[in-house]
Protein chains: 2
Amino acid sequence: MSITIKDIASIAGVSHVTVLRVLNGKPNVKPQTREKILAIAREHNYVTNRLARNLSGKQSNVIGLIITDISNPLYAELVRGADDVFSKHNYRTIIHNSDNQKVLASKGLINMKELRVAGLLVAVPSKGESDFLKELEQIDLPYVCFSTNKSNDNDYVAFDDEKGGYILGKHLVELGHRRIVCLAPEERNTRPTQARLEGLQRALRECGIPFSEADIFEIGFGYQDGYRMADRILQIPGVTATVCLYDKLAIGLLRRLKERGISVPDDMAVSGFDDNEISTFLETSLTSVSLPKYTLGQKGGQLLLDKLNYLAESPWVSQQMMIEPVLMIRESTKRM
Amino acid sequence: MSITIKDIASIAGVSHVTVLRVLNGKPNVKPQTREKILAIAREHNYVTNRLARNLSGKQSNVIGLIITDISNPLYAELVRGADDVFSKHNYRTIIHNSDNQKVLASKGLINMKELRVAGLLVAVPSKGESDFLKELEQIDLPYVCFSTNKSNDNDYVAFDDEKGGYILGKHLVELGHRRIVCLAPEERNTRPTQARLEGLQRALRECGIPFSEADIFEIGFGYQDGYRMADRILQIPGVTATVCLYDKLAIGLLRRLKERGISVPDDMAVSGFDDNEISTFLETSLTSVSLPKYTLGQKGGQLLLDKLNYLAESPWVSQQMMIEPVLMIRESTKRM
DNA sequence: CTGTTAGCGCTTTCAA
DNA sequence: TTGAAAGCGCTAACAG
């Protein structure tokens, strides 16, 4: 067992409260006593027991992150952004992967509550969303969400995916494209998918470019899906540009287009969403709507900390924050 | 405040110990009493307070991960592997990013100790390694490391990078390459860098292929670095193959080679280490030494859990585990 | 400047 | 089958 405040007290021949004062930098301790206590603490490698402190003090220094999947680069960067903020303010970060499943996310809620974390940063699973939000409310911990489907009055931070779709659509039209198709996941009811599509549709509508359900090809999220879909797209007469709702689709597509001898962007423009560093270095660099993931994590973390601080004082007014996307124009789309 | 064991006790009109027995599934409680207590607990959404339990019970259900950078895909996958194991055994995962800096890693050590985590999974920073290991020992928590430089008797799990270098070297020689150069980070003294290089050298030595310090080009880790180095490599007469110690270097290189109109693999073979899913879908798919990152995380997590269990009983004999690399042969290297 | 006392919510032991 | 009592290591209030 490690040394405790009482151990130090008995070694120093004082009461444990005096030790506490010294260790917590409180005033009103004779300098000599202070020195002596500090020396003993150092000598014995004293380390505060946060369990005890948090239990007693009714507050925690750890924050829970309920996310979809830490091995997904989106969440990995986002978590890093949040953790950097938390660390700076001396909070620790505990993670829980939900795989976007409601049951697993709910389990995370309980786990976090058990540990009496100070607050929660949560990516709401896209199925069973409203049930989950109810539980989240019930668990009675301060929380901030990442983008949810329901327009709600939670605190949240989100990418402005709709705007992303919009600026990408505009860009393609400006380049001269008049016949555009879209690769989307089969599962259309997640927030980013929906929003990106809506933005795209809005842009094309404004420009008078025809675009219907039939121009949306539903497949999946992965490289393989984009790869597979290439041949089908090439059968459609007149198509000069493809919007992939996720970069992996675009990258798989690029690969297959190369195999087929289709020149990008001359014969076919390709574009996507998410934008990772690699997009610049692909043999055909990829035009992509960049979503600042690290920033999203930071903002979410900061909002939660603000909330924790305000809660102590005045009542909190919930905040919603949208993060602007940036269109990264690269070789895969060029003026026709 | 949430409801406590005592609250339930007073509502049920029993002592808090009886409640405890029920909640912890202990025997010797009258069925009626049990039901009543469970009903009350459910009704009031009782959730155990782990802080109290851990403090009192002298054990924790959270495990600390000290890693370099969660936004690095290597660590993201590794953490996912470890967390999956921990979750299954009802442990929580708390993370701390060290950015491979000794001071930050040490800070993580203290943070984790404060929380009295059950154990530690740690990626040792490559500078100040032996100092850090001393601190790690002092902090007095059960731990397992990921690959360290020093041959030591810690528990650890690691990729067999040396073997990776070896099989890649062999592969290139078998394809007929006789003049091979290598792109490496300037900072050569990290374990994976060293080991990969050693393996490569061993393979080439065995095959009687000349390879000297002058054939190692020191640059960095990133796409940009590989990109920049391409021109220099092309100036070297007779070179037919490049080994990049990290895939990002290879991908940057591929990009620049394409710009220069160099055909891969016909004019130049390119290969790397790390292997992410995307490597298959690059326009020129990349031959790479695949290191199963998720598995490494799992193995590390499992080893730590084993250690935690054994420690309670018999003395523990430290274990070292090497994870085998797999060479993924793709288009960027082909028989000459 | 210092100490006493009570308590956070749970666990453990012993006694009934 | 149940409860009383002490304690985990720290905090907070009050007293001196």
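Keep in mind the model is a prediction, meaning the values are calculated, not measured. Every chain is numbered from 1 and lettered A, B, ... according to where its sequence line falls, protein lines coming before strand lines.
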Measure the distance from [atom1] on [X] to [atom2] on [N] and round it to the nearest whole Å.
X: B/Leu23; N: C/dC10; atom1: CG; atom2: P; value: 8 Å
X: B/Asn24; N: C/dC10; atom1: CG; atom2: P; value: 10 Å
X: B/Asn49; N: C/dC8; atom1: CG; atom2: P; value: 12 Å
X: A/Lys113; N: C/dG9; atom1: NZ; atom2: P; value: 12 Å
X: A/Glu114; N: C/dG9; atom1: CD; atom2: C1'; value: 13 Å
X: A/Asn28; N: C/dG3; atom1: CG; atom2: C1'; value: 13 Å

Is any side-chain heavy atom of [Y] closer than 4.5 Å to one of [X]?
X: A/Leu136; Y: A/Ile66; answer: no
X: A/Ile5; Y: A/Tyr46; answer: yes
X: A/Leu120; Y: A/Leu304; answer: no

* Do side-chain atoms of B/Ser98 reach the backbone of B/Ile67 as a donor and acceptor pair under 3.5 angstrom? -> yes

* **Exam field: side chain B/Arg116 to backbone A/Thr48, donor-acceptor pair closer than 3.5 Å** => yes

* Asked: Given the rule in the salt bridge (charged side-chain N to carboxylate O under 4.0 Å, His left out) test, do A/Asp155 and A/Lys307 qualify, once you have shown the distances and angles that lead to the verdict?
  -> CA-CA 9 Å; A/Asp155 294 274; A/Lys307 190 168 174 177; 2.7 Å; yes

* **Options C/dC10, C/dG9, C/dT4, nucleotide nearest the side-chain atoms of A/Ser15** => C/dT4

* Asked: Which part of the nucleic acid, if any, lies within reach of A/Ile5 when heavy atoms closer than 4.0 Å are counted: base, sugar-phosphate only, or nothing?
  -> sugar-phosphate

* To do: Could you check whether A/Asn54 gets within reach of a base, just the sugar-phosphate, or nothing at all, counting any heavy atom under 4.0 Å?
  => nothing

* **Between the first and last five pairs of the helix from C/dC1-D/dG16 to C/dA16-D/dT1, the angle of the axes, rounded to 10 degrees** => 40°

Collect all protein-nucleotide pairs involving nucleotides 12-16 of chain C in which both atoms are nitrogen or oxygen and the distance is under 3.5 Å.
none

* Inspect the surroundings of NZ in A/Lys127 and state if more than 12 heavy atoms from other residues, nucleotides or ligands are less than 6.0 Å away. => no

* **Residue A/Lys113 excluded, over 12 heavy atoms near NZ under 6.0 Å** => yes

* To do: Could you please spell out the steps behind the side-chain contact (heavy atoms from CB on, under 4.5 Å) verdict for A/Thr295 and A/Ile323?
  => CA-CA 8 Å; A/Thr295 306; A/Ile323 311 248; 4.2 Å; yes

* Asked: Closer to the 5' end of DNA chain C via nearest nucleotide, is it B/Val47 or A/Lys30?
  -> A/Lys30

* Structure fact -> Taking every heavy atom of A/Thr68 against every heavy atom of A/Asn100, the minimum-distance pair comes out as CG2-N, 3.6 Å

* Which heavy atom of B/Leu74 sits nearest a heavy atom of B/Lys293, and at what distance? -> CA-CD, 3.7 Å

* To do: Tell me whether the OP1 or OP2 atom of C/dC10 has a side-chain N or O from B/Tyr46 closer than 4.0 Å.
  => yes

* Structure fact -> Taking for B/Arg34 and for B/Leu55 the nucleotide of DNA chain D with the nearest heavy atom, the one nearer the 5' end belongs to B/Arg34

* 5' to 3' on DNA chain D, which nucleotides open and close the contacts with chain A (atom under 4.0 Å from a heavy atom)? -> D/dG9 to D/dA12

* Check: B/Arg92/B/Asn90 side-chain N/O donor and acceptor closer than 3.5 Å -> yes

